[in-house]
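See below for the structure under consideration.
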Amino acid sequence: MSDDTSPGCATTAAAGSGGSSGKVRAPVSSSGDGGSFTAHPDQVLENVIENVLVFLTSRRDRSTVSLVCKSWYRAEAYTRSDLFIGNCYAIAPNRVTNRFKRIRSVSLKGKPRFADFSLLPADWGAYFTRWVHAMSLAYRALEKIYLKRMSVTDDDLSVIARSFPCFKELVLVCCEGFGTSGLAVVVSECRNLRVLELIEDEVSDDETDWISCFPEGTTNLESLCFDCVEAEVNFDALEKLVARSPMLKKLKLNMFVSIGELYRLVVRAPQLTHLGTGAFNPLVEIGQQQGDNQELDYTSLFAACKSIVCLSGFREIAPEYFPTIVPLCGNLTSLNLSYANVNAEQFKPVIRHCHKLQVFWAMDSICDEGLQAVADTCKDLRELRVFPVDPHEYDEGPVSEVGLLAISLGCRKLQSILYFCQQMTNAAVIAMSKNCPDLVVFRLCIIGRYRPDRVTGEPMDEGFGAIVKNCKKLTRLAVSGLLTDKAFSYIGQYGKLVRTLSVAFAGDSDAGLKSVLEGCTNLQKLEIRDSPFGDSGLQPGLHQFYNMRFVWMSSCRVTRQWCLEVARRLPKLVVEVFSRDEEEGERGDFVETLYMYRSLDGPRPDAPQFVEIL
Amino acid sequence: MDLINFEATELRLGLPGSTDEWDKKSTASPVNTNNKRSSSEMGSSVSDETGSSRSPSLAKAQVVGWPPVRSYRKNIIQGKKSESESGSGMYVKVSMVGAPYLRKVDLKVYKSYDELLKGLQDMFKCNIGLYSEKEGYKSEFAPTYEDKDGDWMLLGDVPWDMFLTSCRRLRIMKSCEVIES
């Protein structure tokens, strides 16, 4: 469930590893083609290399290999089967299809992350269309597609369905632009479909009964996740589908599936390992169908599910049913309650059974008290995310430094944390930095902007400073609260492995940004909003921007002149400048949003009117 | 003559019925964070400040995209909030002749048959028409419901409140299929 972070240098298909000028070796036609049949030593070597490279899966290694010599470049291109493109605009589709001929799996990422928070205007881009068309011609053997933050249309889905006879896996994360009719085409025409996972997408309800479109007979389905689809599904068809899918391991239902319907599905799929429970609610007022649902023995049902290790859903949870999952808890390694508005009293009797839990997502409705219970029981916890029930600024909230401290004391193996709260102290953050040395991801969001340490009244500099100093494996950091330039000088000084940095409403001056760009040598993704950083803060980054995936600065103090200058000096950088509609013309010299990224193929052809590419 | 219900006419930023318990603790905080930053870029990303007569929390401006919670998650949360205040929703299944799938509708959202019918018409893109005691519905569709005794009744036969307590599910049938009682 954690965010996918990519290793630094091999983020685009053709760019070399760090420091190179981004030259691309045009694929040279092989010297062995149709030539003599004597065993030319080079050819023998190339064959040997190919056979070895088939086993090489790491992107970074493959990138390095391709730089050794032309022969190795060709061999690597011939044997690469997994394509990962971290920014769909960093390279043109045909450059990719020209170089790699035998791709089985494609991962593409599109919009910058701040798009999730309405900071990117609609119709900005990241269209899958030109990619799917290029791939439909070049990669007939394609089996898997993974897309994140892309704009995907129903037509695109049709192209997938028609073009790839071996197609097996479709995973769409945070995508939009398609609907249930597109899904219907995929499920009916991809006869080998094993995995269909829709994760936090916006799926429009075209009122198509897509679940009924799966072909008759036994399916190969291993994973079916549609918890984000806000449209009723035909339950009878779903039940029959589950019954004829003996390989099904992952099933994540949407909020329209009642707990009674869940029962009927789980009974038919005792081999499930990952279950998204849907509404977890009878969905009818208890008084009306008294006896109908309450007669079902959910506790026994779940007791029989020995394989379930990952539980999520609870979209409309009726808390009185919550204890029925207790028999499952001892086996769970992952529990996602981030849509379940349960309080501490309801939560504690359940969590105390979850000894093996490694991943836990929750709402802050469980309060500091609930977090203490997690700390008491979940000694193996690796990842924690706590989301706010009420995402507004208040003076107090249900979770605070108390919960953070408790977690740090109880969950020593913690690697990744995302924590929303209203108040925090340096002491708690410092404690976490010392108690949880394995932290790789530290994202603290103090919802109250510019909040200082609640006890001392001081900025939160020392807390975040301790994190970068003590957590030697840290690669991803998000900061908040009242922060001066000092915090950023700590980050620059100690955050040598940091690849992703998110900043909002922080800092005093350009000195802060300078420290970061001068110090964080491994920085890949920088996203900043509403902070007093500008041209001179960005200046030290000039030597680094080609090594980065992107830089995002919105509502800061970057001038248009500086953007023009950097676009001129770094021709392989695409410098996009745009506004949200209502900000038009209010900012004088300063640009509203700067989004810049390296690209081998220059400015994108599909930029909308409101985006200016300098 | 009724006295004016001042509470009902009070303008608030919260959802109807919400009391915002966290709000009760929002007396003047030790550090007034609102005034800390006066630089222009804060103003540019912040929409209009509302009146300062309310508590500091409610009066704070709504900042775009803050806190960084995905809008998908925010919608769910807001939905939950209103549900927990008004009691759990009263969802019943609705089926329609010719449609291959069921929908669910929350009866508590509607105050009368008129509203419910309008909602159903929007949902299924059909025209059901008006109810009359003598003649039922003057269209090709007849909305019916199954009551707690298992009997199928024409929508509108009983008073709304009685309907709410007895309705188990809804079905929109063709008028010609409805048997006159």
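As the structure is a prediction and not an experimental result, all values here were calculated from the model.
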**Q.** Under 4.5 Å from any heavy atom of chain B - which part of A:Ile211
**A.** neither

Q) For A:Phe235, is it the side chain, the backbone, both, or neither that has a heavy atom closer than 4.5 Å to a heavy atom of chain B? A) neither

Q) Just by distance, do the side chain of B:Trp66 and the backbone of A:Gly448 share a donor-acceptor pair under 3.5 Å? A) no

Q. Above 12 or not: heavy atoms from other molecules or residues under 6.0 Å from CD of A:Gln346?
A. yes

Q: Go through A:Ala318, A:Ala237, A:Ala478, A:Cys228 and name the one with the most non-hydrogen pairs under 4.5 angstrom from chain B.
A: A:Cys228

Q. Do A:Phe114 and B:Pro68 have side chains that get closer than 4.5 Å, going by heavy atoms?
A. no

